[in-house]
Amino acid sequence: MDVLDEIVLTGLTVFGHHGVFDFERRDGQEFTIDLRLMLPLSRPAASDDVLDTVHYGELADKVAAIVAGEPVNLIEKLAERIADAVLEDERVQLVTVTVHKPHAPIQQTFADVAVVVHRRRG
């Protein structure tokens with residue numbers, strides 16, 4: 001197996017309608033996504049060709065479409081959907097997805113709520 005390198009995309013902020021409460025689904029809110037992809041990058045480093053790597057612009061569009069798309073109750077489910085989409089690219093061996101919900105309906109003062117999932121191929 002090749003050495004696993006990383007592609008990291010952080011702070012992708014997308015408006016979505018996820019949550020367990022009716023008002024969350026109706027009004028929506030911003031979600032912020034962080035991704036850490038583990039894959040060998042020796043081939044694109046040698047070829048200098050974007051076709052040999054994960055195009056992070058296209059990846060951002062794909063993830064944004066998921067977040068802006070069909071609502072789910074839990075950000076755990078949203079994170080799983082994103083991880084599944086990232087792993088559609090067979091070059092990606094491991095992915096870490098963090099879904100931040102900074103405007104979660106919590107009565108206490110807080111900075112952020114996030115769910116982190118780690119998924120691997122196979």
Side-chain angles (χ1 to χ4, degrees):
M1 176 190 264
D2 287 330
V3 171
L4 294 181
D5 305 301
E6 296 181 82
I7 294 176
V8 179
L9 173 65
T10 59
L12 178 65
T13 303
V14 183
F15 197 84
H17 293 268
H18 312 287
V20 296
F21 298 112
D22 290 340
F23 69 87
E24 291 181 289
R25 288 182 173 243
R26 180 189 66 235
D27 301 339
Q29 61 190 288
E30 287 186 335
F31 296 84
T32 301
I33 312 301
D34 300 330
L35 301 173
R36 183 173 300 276
L37 287 61
M38 301 289 293
L39 67 160
L41 294 177
S42 55
R43 182 173 177 180
S47 71
D48 200 25
D49 188 339
V50 71
L51 296 176
D52 288 334
T53 191
V54 175
H55 188 299
Y56 45 79
E58 292 173 359
L59 177 64
D61 290 344
K62 183 183 230 182
V63 172
I66 293 167
V67 177
E70 181 184 349
V72 296
N73 290 331
L74 302 177
I75 57 175
E76 290 86 342
K77 176 72 171 184
L78 184 59
E80 186 78 15
R81 281 186 180 172
I82 294 167
D84 289 346
V86 171
L87 289 172
E88 288 174 0
D89 187 318
E90 293 185 2
R91 295 171 292 199
V92 178
Q93 299 302 305
L94 303 158
V95 63
T96 298
V97 178
T98 305
V99 176
H100 301 268
K101 189 174 180 179
H103 306 292
I106 297 173
Q107 295 300 314
Q108 305 304 315
T109 301
F110 70 101
D112 189 23
V113 170
V115 166
V116 180
V117 300
H118 308 274
R119 299 293 179 265
R120 72 176 58 230
R121 175 156 311 290

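The ring pair (Phe, Tyr, Trp, His ring centres under 6.0 Å) check on His100 picks up nothing, with sequence neighbours excluded. Here Arg119 pairs with Glu80 under the salt bridge (charged side-chain N to carboxylate O under 4.0 Å, His left out) rule; sequence neighbours left out. Listed by chain and number, the residues in a ring pair (Phe, Tyr, Trp, His ring centres under 6.0 Å) with Phe21 are Phe23 (sequence neighbours excluded). Every ring pair (Phe, Tyr, Trp, His ring centres under 6.0 Å) that Phe15 has, sequence neighbours left out, goes to His17. Scanning for side chain to side chain donor-acceptor pair (under 3.5 Å) contacts around Thr53 gives an empty result, with sequence neighbours left out.
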Subject >> Derivation and outcome, side chain to side chain contact (heavy atoms under 4.5 Å, CB included), residues Ile7 and Val92 >> reply: CA-CA 10 Å; Ile7 294 176; Val92 178; over 6 Å; no
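To the nearest 0.5 Å, atoms CG (Leu39) and CG (Asp89) are separated by 7.5 Å. With rounding to the nearest 0.5 Å, the separation of OG1 in Thr32 from CG in Leu12 is 8.0 Å. The distance from atom CZ of Arg43 to atom CG of Asp48, rounded to the nearest 0.5 Å, is 13.5 Å.
Of all heavy-atom pairs spanning Val113 and Ala104, the tightest one is CG2-CB, 4.3 Å. The two atoms that bring Arg120 and Leu94 nearest to each other are CB-CD2, 3.1 Å, heavy atoms only. For the pair Asp52 and Arg91, the tightest heavy-atom approach, listed with the atom from each and the gap, is C-NH1, 3.2 Å. Of all the heavy atoms in Gln29 and Lys101, the pair that sits closest is NE2-CE, 3.4 Å. Contact between Pro102 and Ala111 at its shortest, heavy atoms only, is CB-O, 4.3 Å.
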Name the atoms and distances for all side-chain donor-acceptor pairs under 3.5 Å in residues 59-79, with sequence neighbours left out.
| unit_1 | atom_1 | unit_2 | atom_2 | d |
| --- | --- | --- | --- | --- |
| Lys62 | NZ | Ala85 | O | 3.4 |
| Lys62 | NZ | Glu88 | OE1 | 3.0 |
| Asn73 | OD1 | Arg25 | NH2 | 2.7 |

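Leu4 places a side-chain heavy atom less than 4.5 Å from the side chain of Pro40. Between Val117 and Ile82, the closest side-chain pair of non-hydrogen atoms is not below 4.5 Å.
A distance-only check finds a donor-acceptor pair linking the side chain of Asp34 to the backbone of Gly11 [under 3.5 Å].
We find that Glu6 and Arg36 are joined by a salt bridge, their nearest charged nitrogen and carboxylate oxygen being less than 4.0 Å apart.
At a threshold of 4.5 Å between side-chain heavy atoms, the hydrophobic network of Ile, Leu, Val, Met, Phe, Trp and Tyr places Phe31 and Val115 in one connected group. Cluster membership for Ile33 and Leu87, using ILVMFWY side-chain heavy atoms within less than 4.5 angstrom, is shared. Criterion: ILVMFWY side-chain heavy atoms under 4.5 Å apart, direct or through other members. Under it, Leu9 and Val99 are part of a common hydrophobic cluster.
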